[in-house]
Q: 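Sending over a structure as structure tokens; questions will come in a sec.
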Amino acid sequence: MSCSGLSPDDPAYPACEQARDILMKYEQTPRSLHLPRGPNPYYPHSDIINVLKEESRGKKVFLCKCLKCRKQAGLQGGIANRESRWDEGELLGGFATIYALLIYLRCPGLISIFRQNELSLEKSYLSYEQLLFLDQCVVLDALQAKNIRNEILRTQYQFRVRKLAKRNVITIVDEKETLPIVEDQHPAGRGDFGEVYPLNVRPEYVDDSLKFLQTNRFARKIFKQLPTESEPVKEFVLQQLKSNQFQHPHLMPALAAFEHGRDYFFILFELAESTLYKLLAGDGPNFTTQELWKQVQGLASGLAYLHDILVEGDEQNNGRMIHRDLKPANVLIVKGVMKIADFGFASYNKSWPTTTGSRLTESSIHEGINNYSSPPSDAACEKDDVYSLGAMISEITCFDIRKESGVAQYRQNRLDDAAGGQHACSLRFYHYETHDMKTSVAKEHSRLLEVVGEESRNPHTSLHPWQEFFFQEALFKMIEKMLHRSKERRPKAADAANELREFAQQADHYVAQNVDDRTEIYKVNKWLETEITNPSRPAELNNRFIAHFAEEKKRCALWLYPSTNNEWIEILRFEYTFDERGLYLVRESEFDVGRKQKTPSAGVKPVYLDSVKGNAVELMKSQQHLVYTFRRLSDTLRFQGIMTGEHVYKGMSLVLTQFWLRDYYKSSPTTSILPWKKKCKEKEQIVRGERAHLQMWTQEKPNSASPDVRIAILAGEKLHVVKVTGQFAQNAKGLRKIDLPPTVARLAVAETHSIDITEGIPLNLDPQKYENYDEVRLNFEDENDVRCFWRNLIELQDEYFPETPGWTVGPPKDTIMTRNNTVGSQETVQSQESNSPRRGMVGYWGNRITTLPADHT
């Protein structure tokens, strides 16, 4: 029931009450744990306008015939001419907010005198003095005027809501004001000065000054309001807001700053989608190697720009800005751009609190606060930032070549690299006692150079040619200069930026001037990504191929898009010409390949088994057979793996000169009269093959819960699949021990499935029935291939069957099979504590196979 005593369903229900009921349905409540008076509700301006406009509701309220509205309308012109005084432009424009507030307070008839006094909530909140005119209203007694005035002063914050705007001063927000935000419950980051919370702002409350960002999602850093810390922070933030000096694409200055009541001071920033810290952990955007180093060069340039910023009153550091807390977590990635952020420790010779000013002293930095800081010193300077940048670049080089697993191992190596003392175990890049760069850092740089050198000689390398030229010794010398114990020996940030730019330009020039297979791949991918508008989504890098197809050997790029459920693969084919004049698109085509049925595609035929025909596969389709020839065998195997779902481990295909699948059975007792003739064993040769390829097939990603690892033997038109499990080598009692040549590997008790691949390897290979064989014997071309086979097999077992015990003590002799050692005698290993195994031996420990390569020590 309303104050009129009527039900909303009653035809006589007043228009003013109807409008109030509808308006209250649009009440919104902010979501944040960091508002001075909690999440006070508000009424969005756009909803107010819609409520008043809908069904001419605003005009109906203005002409409401209820007793209160008629009485209040008697002011300033009387009741008779109310309709002539209706002005939609004003009441649904500048006076709409105060009009809605009066409707909410059940006194909408007073809107006329607010118009006469030109009082609205359009530009500011109303004060007590401005509302004193209510005491002069003849239809209001003193108590009514006082109550209405107090209610307006209290509830106006629910109707006039401040927009978030970019300003060059700190915005003071009354604690009674609310913020139209929906803030994440948990912070995205924490620092010594405060916490960072992502938030959504209702779009209509994003001011035009922030519209250039084209987003309504931001982040705010809420500072701890400690008396000793707040003023230096505010002073520095104010300098950012007032100055245009911080406008650099790789710096993250504050967009705005707000002091919300006494308890909250916060800065508004762009929201980052990731950080360098997450990127190095494998959880960031997918940069190409050129894009990555363009961003790193940008960071160095941004740091140099920061160091050139002049600040007032800083005589100690020549009036220059420094950061003092540079680390991967403070490098934000916003729309694919790395930006230096969190200037919480930036110093310009002000009186910083001891809790943060001692950042470079023993009591703070060496307790894990920032493992990228330089060795401690009496005074901070810009060369400390250079050290931190060099430390980050050192890890970025590792990430670019060895990915996140390499970074994790690099960090572990630094942690293990101790020189004694209470601060021995640390992720720092230097020894605390001597301040010298850790040996593990230099070793990592040397290791990366070795990897690049080896990969550049490997025809199946995964490195881009740009990487091969960029990662030169000069790059690592520059990094080690940045990590030098002496500040004087470290380069300036500007010099580091210039050197990185030169390294990148030299690599670009090398790629542009050397048109070979790998540079063609690079150019084609870049051309398709930037010049060709279709497809709108680029394929993943591992799903892109360069090949020749058909008898005419036409050039083409293949982009593969496997479905998430693995039921089909979409293939885009771009036929092109490529010469010294450039790249030209000839034809673009698209087709789908089904995996769950035999048509339209039956399988992938491994044409490469015939070495004369090159690195080719034949995609068997219902209407035609498409032969694709790739530049490298690794590309061929990768294409085969994506199409069939059977990924070839390490892209390796080892050549077998012969192979056997054998079963053994016992014959009946001999009838010989000779007493020394006992029962004997005979063998039955089940399968024997000549020249074949051996591959190890795995899932795309290891899954120990449901592992699927197979050894594939491809021999002409036959495929033999050997199942690999954690108990791959079972007890093989009675299996005859023989001396084997060093090029032969022997497996006991194998589950094998054989199929015909005349029509290619099936795209939905799923063997339901395996046959047991007592022995699989594999004859490789040389000893290196044998060692490679055992090494890969053990790696797969460790990766896919981590819970299976790998070592037992004293296994039964009949479970151990060996190869000859160098002197030709047969060895069996009895326990883990036994003498070191001799060269060339392969042993089975318990139910787990263990490799002992020829160069084992």
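From a predicted model like this one, the values you see are computed outputs, not experimental measurements. Scope of the values below: all heavy atoms of this structure, side chains included, with no hydrogens, waters or symmetry mates.
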Q: Does Arg587 count as lying over the ring of Phe574, i.e. NZ or CZ under 6.0 Å from the six-ring centre, within 45 degrees of the axis?
A: no

Q: To the nearest 0.5 Å, what is the distance between CE on Met478 and CD on Glu473?
A: 13.5 Å

Q: Using only atom types and a distance under 3.5 Å, with no angle test, would you say the side chain of Ser563 pairs donor to acceptor with the backbone of Glu567?
A: yes

Q: Quick one: does Glu575's side chain have a donor or acceptor within less than 3.5 Å of a partner on Val586's backbone?
A: no

Q: So, do Ile571 and Val593 sit near enough that their side-chain heavy atoms are less than 4.5 Å apart?
A: yes

Q: Can a side-chain donor-acceptor contact be found between Ser301 and His250 if the only test is distance below 3.5 angstrom?
A: no

Q: Within this structure, what is the CD1-CZ distance for the pair Ile401 and Phe471, rounded to the nearest 0.5 Å?
A: 4.0 Å

Q: Please check if atom NZ in Lys294 has more than 12 non-hydrogen atoms from other residues, nucleotides or ligands closer than 6.0 Å.
A: no

Q: What's the verdict on side chain to side chain donor-acceptor pair (under 3.5 Å) for Glu480 and His445, showing C-alpha distance, side-chain angles and the deciding distance?
A: CA-CA 9 Å; Glu480 292 176 7; His445 295 167; 2.9 Å; yes

Q: Determine whether Leu279 and Asp283 make a side-chain contact, defined as any pair of heavy atoms from C-beta on separated by less than 4.5 Å.
A: no

Q: Do Lys605 and Glu759 come within less than 4.5 Å of each other through their side chains, counting heavy atoms only?
A: no

Q: Walk me through it: do Tyr649 and Glu795 pass the test side chain to side chain donor-acceptor pair (under 3.5 Å)?
A: CA-CA 10 Å; Tyr649 186 62; Glu795 288 175 359; 2.8 Å; yes

Q: What I want to check is whether the side chains of Ser653 and His693 have a donor and an acceptor closer together than 3.5 Å.
A: yes

Q: If we only count heavy atoms from C-beta on, is the Leu560 to Met643 side-chain gap below 4.5 Å?
A: yes

Q: Are more than 12 heavy atoms, taken from residues, nucleotides or ligands other than Gln247, located less than 6.0 Å from that residue's CD atom?
A: yes

Q: Could you measure the distance from the CD1 atom of Ile393 to the CG atom of Leu299? Nearest 0.5 Å is fine.
A: 8.0 Å

Q: Check whether Arg544 reaches the backbone of Ala539 with its side chain - one donor and one acceptor, N or O, closer than 3.5 Å.
A: yes

Q: Which value, rounded to the nearest 0.5 Å, describes the distance between Lys613 atom NZ and Glu618 atom CD?
A: 8.5 Å

Q: Evaluate the salt bridge (Lys or Arg N to Asp or Glu O under 4.0 Å) criterion for residues Asp708 and Arg710: first the C-alpha distance (whole Å), next the side-chain angles of each, then the deciding distance (0.1 Å), finally the verdict.
A: CA-CA 7 Å; Asp708 186 8; Arg710 305 167 184 173; 3.1 Å; yes

Q: Would you confirm whether Arg638, through its side chain, and Asn542, through its main-chain N or O, come within 3.5 Å as a donor-acceptor pair?
A: yes

Q: I'd like to know if the side chain of Arg573 pairs up with that of Tyr628 as donor and acceptor (distance under 3.5 Å, no hydrogens or angles considered).
A: yes

Q: Any salt bridge (charged side-chain N to carboxylate O under 4.0 Å, His left out) involving residues 394-403? Give me the pairs, sequence neighbours left out, ordered by first then second residue.
A: Glu395-Arg411, Glu395-Arg414, Arg402-Glu444

Q: For His753 and Glu771, test the side chains for any donor-to-acceptor distance below 3.5 angstrom and give the result as yes or no.
A: no

Q: What orientation do His248 and Tyr305 show, parallel under 30°, tilted 30 to 60°, or perpendicular over 60°?
A: tilted

Q: Of all the heavy-atom pairs spanning Phe269 and Met252, show the shortest one and how long it is.
A: CE2-O, 3.6 Å

Q: Counting only heavy atoms not in Lys335 (residues, nucleotides, ligands), do more than 12 fall under 6.0 Å from its NZ?
A: yes

Q: When the ring centroid of Phe470 is compared with that of Trp293, is the distance short of 6.0 Å?
A: yes

Q: At their closest point, which heavy atom of Leu637 faces which heavy atom of Gly651, and how far apart are they?
A: CD1-O, 3.4 Å

Q: Considering only heavy atoms from C-beta outward, does the side chain of Leu448 approach that of Cys398 to under 4.5 Å?
A: yes

Q: What's the separation between atom CD1 in Ile711 and atom NZ in Lys723, rounded to the nearest 0.5 Å?
A: 13.0 Å

Q: Kindly check if the number of other-residue, nucleotide or ligand heavy atoms within 6.0 Å of CD (Glu540) is above 12?
A: no

Q: I'd like to know if the side chain of Trp466 pairs up with that of Asp508 as donor and acceptor (distance under 3.5 Å, no hydrogens or angles considered).
A: yes

Q: Answer whether the closest heavy-atom distance between the side chains of Phe287 and Gln295 falls below 4.5 Å.
A: yes

Q: Would you say Thr636's side chain and Asn615's backbone share a donor-acceptor pair under 3.5 angstrom?
A: yes

Q: Flag the pair Leu793 / Val709 as yes when at least one side-chain heavy-atom distance between them is below 4.5 Å, and no otherwise.
A: no

Q: For His548 and Phe630: C-alpha separation, side-chain torsions, deciding distance, then whether ring pair (Phe, Tyr, Trp, His ring centres under 6.0 Å) applies.
A: CA-CA 7 Å; His548 291 90; Phe630 300 89; 9.8 Å; no

Q: Roughly how far, to the nearest 0.5 Å, is the CG atom of Leu719 from the CG atom of Leu714?
A: 5.0 Å

Q: Is the distance between the ring centroids of His509 and Phe469 less than 6.0 Å?
A: no

Q: Does Tyr277, at its OH atom, have more than 12 non-hydrogen atoms belonging to other residues, nucleotides or ligands within less than 6.0 Å?
A: no

Q: Checking side-chain polar atoms at under 3.5 Å, does Gln695 have a donor or acceptor matched by the opposite partner on Gln640?
A: yes

